[in-house]
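Worksheet for the structure shown next.
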Amino acid sequence: MSPSPNNTEITIIQPDDWHIHLRDGDALQTTVPHAADSFNRLICMPNLVPPVKTTEQAIGYRERIMQALQNSNISDDRKQSFDPRMVLYLTDNTKPEDIINAKKSGVVQAVKLYPAGATTNSADGVTDIKNCVQVIDEMQKQGIPLLVHGEVTHSHVDIFDREKKFLDEVLSPLIQQFPELKVVCEHITTADAAEFVLAQSNNVAATITPQHLLFNRNHMLVGGIKPHFYCLPILKRQTHQKTLIEVATSGSPKFFLGTDSAPHATHAKENACGCAGCYSASIALPLYASAFDAVGKIDKLEGFASLFGPKFYGLPVNESHITLVKTPMQVPNSYDYFDNSTITPLMAGEHLDWTIKAS
Ligand code: NCD
Ligand code: ZN
């Protein structure tokens with residue numbers, strides 16, 4: 001990493017996004033170039049309708065993503081570096097053979113556990129982890145990581161307590177049963193989750209989103225309810241935000257970049273029953289840079305964004321670089337999306353301190 005002497009410019013190894021939602025069909029025309037502008041590898045979440053449950057479906061989805069890339073006006077260099085990695089959606093009916101096929105494919109990088117009903121398009125998710133023991137055993141054998149949406153879904157558990165309850169009741173026993181299983185706690189939102197990850201072996205890591213570093217529930221709820229801050233797991237209180245910033249900027253390789261950029265059309269967010277998800281792909285690096293710089297830790301951005309993810313996944317680090325400059329940028333109010341709709345990004349219309357330097 002090469003920061004300028006007064007930290008107003010920083011060149012880092014090209015980052016990867018270890019948790020992103022690109023959606024499918026015409027949505028890819030917007031989401032793919034936004035992601036490919038900043039990131040080489042992507043962990044593409046499988047919660048499509050219907051979900052990506054088999055290796056064949058994952059291969060087909062990857063082809064549609066690559067087609068959208070070819071149709072975009074992204075530079076040839078960026079096109080060549082772009083490498084979406086696919087994920088299978090775990091269900092009660094996933095079989096050990098599905099894991100063996102996934103490993104053989106070289107295209108499927110991981111398997112995602114959504115507790116049924118936990119978030120957007122999770123109705124087909126796992127109803128009881130006991131149904132998946134043989135599959136998880138095969139994943140441990142094959143070295144395929146389990147990516148976890150860590151929230152319980154019981155109606156009697158308060159939405160702000162769902163992450164901690166999941167760690168105590170589901171993940172902790174699972175890790176004891178499968179100590180060699182690689183696990184990523186996706187989009188962690190609480191100090192409890194950060195401490196949990198720190199207490200585990202190197203097989204357990206976590207992604208952290210820009211919104212959970214920059215915001216807390218006051219931003220979403222004080223002075224009027226702000227649907228563009230609504231995502232799952234939901235923003236928590238400020239003390240949790242503070243711990244997430246500490247661990248993300250600590251240099252611990254257990255915490256790495258995963259935007260959870262999750263597009264929903266503006267009208268579906270600004271709605272009496274608004275969808276969960278923040279859209280950040282196009283501005284994710286300036287968002288993370290602002291969060292790291294705000295605590296004087298811009299020098300820790302490269303590890304978080306570009307080194308620790310590949311290390312966990314056993315992949316080489318990227319060869320290209322990207323430069324960020326401390327020049328204010330205005331986040332667009334919206335982007336065009338398919339069917340004449342728009343998407344409103346996180347911090348739409350506001351200023352960020354950092355911007356990506358044009359190459
Ligand atoms: C995601 C989505 O819209 O697909 N939404 C979100 O609030 N994060 C699903 C998810 O990652 O939980
Ligand atoms: Zn997600």
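All values below were derived from every heavy atom in this structure, side-chain atoms included, with hydrogens, water molecules and symmetry-related copies excluded. All ligand and atom numbering here is 1-based and tracks the order in the structure.
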Please check whether [X] reaches ligand 1 - meaning an N/O of the residue sits under 3.5 Å from an N/O of the ligand, judged on distance alone.
X	value
K112	no
D260	yes
A262	no

Can you name the atoms of ligand 1, numbered from 1 with element, that are less than 4.0 Å from a heavy atom of [X]?
X	answer
H19	11 (O)
H149	12 (O)
G277	5 (N), 6 (C), 7 (O)
C231	7 (O)

Tell me which protein heavy atom sits closest to [atom], plus the residue, atom name and distance to 0.1 Å.
atom	value
atom 12 (O) of ligand 1	T119 OG1, 2.7 Å
atom 7 (O) of ligand 1	L232 N, 2.7 Å
atom 5 (N) of ligand 1	A276 O, 3.1 Å

Look at the side chain of [X] and the backbone N and O of [Y], then say whether any donor-acceptor pair between them is shorter than 3.5 Å.
X	Y	result
K269	G277	yes
E163	T189	yes
N40	F82	no

May I ask you to check whether [Y] and [X] place their ring centres under 6.0 Å from each other?
X	Y	answer
F304	F256	no
Y114	Y89	yes
H19	H187	yes

| field | Cation-pi geometry met for R237 and F160 (6.0 Å, 45°) | value |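 No, R237 and F160 do not form such a contact.
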| task | State whether F312 and K182 meet the cation-pi test: NZ (Lys) or CZ (Arg) under 6.0 Å from the six-membered ring centroid, and within 45° of the perpendicular axis. | result |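 The answer is yes, since K182 meets both limits relative to F312.
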| message | Heavy atoms only: which of H21, R23, M45, H187 lies closest to atom 3 (O) of ligand 1? | response |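 Ranked by closest heavy atom to atom 3 (O) of ligand 1, first place is R23.
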Inspect the contact between [Y] and [X] and indicate whether a charged nitrogen and a carboxylate oxygen are less than 4.0 angstrom apart.
X	Y	result
K297	D299	no
R162	D158	no
E9	K357	yes

| said: Determine whether Y335 and H34 satisfy the following criterion, ring pair (Phe, Tyr, Trp, His ring centres under 6.0 Å), listing intermediate values before the conclusion. | reply: CA-CA 10 Å; Y335 300 106; H34 280 172; 4.3 Å; yes
| What are the protein N/O/S atoms, named by residue and atom, that sit under 2.8 Å from the Zn ion (ligand 2)? |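 N, O, S partners closer than 2.8 Å: H19 NE2, H21 NE2, D260 OD1.
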| query | Considering only heavy atoms, does N121 approach ligand 1 within less than 4.0 Å through its side chain, its backbone, both, or neither? | reply |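 Within the 4.0 Å criterion, N121 makes no contact with ligand 1.
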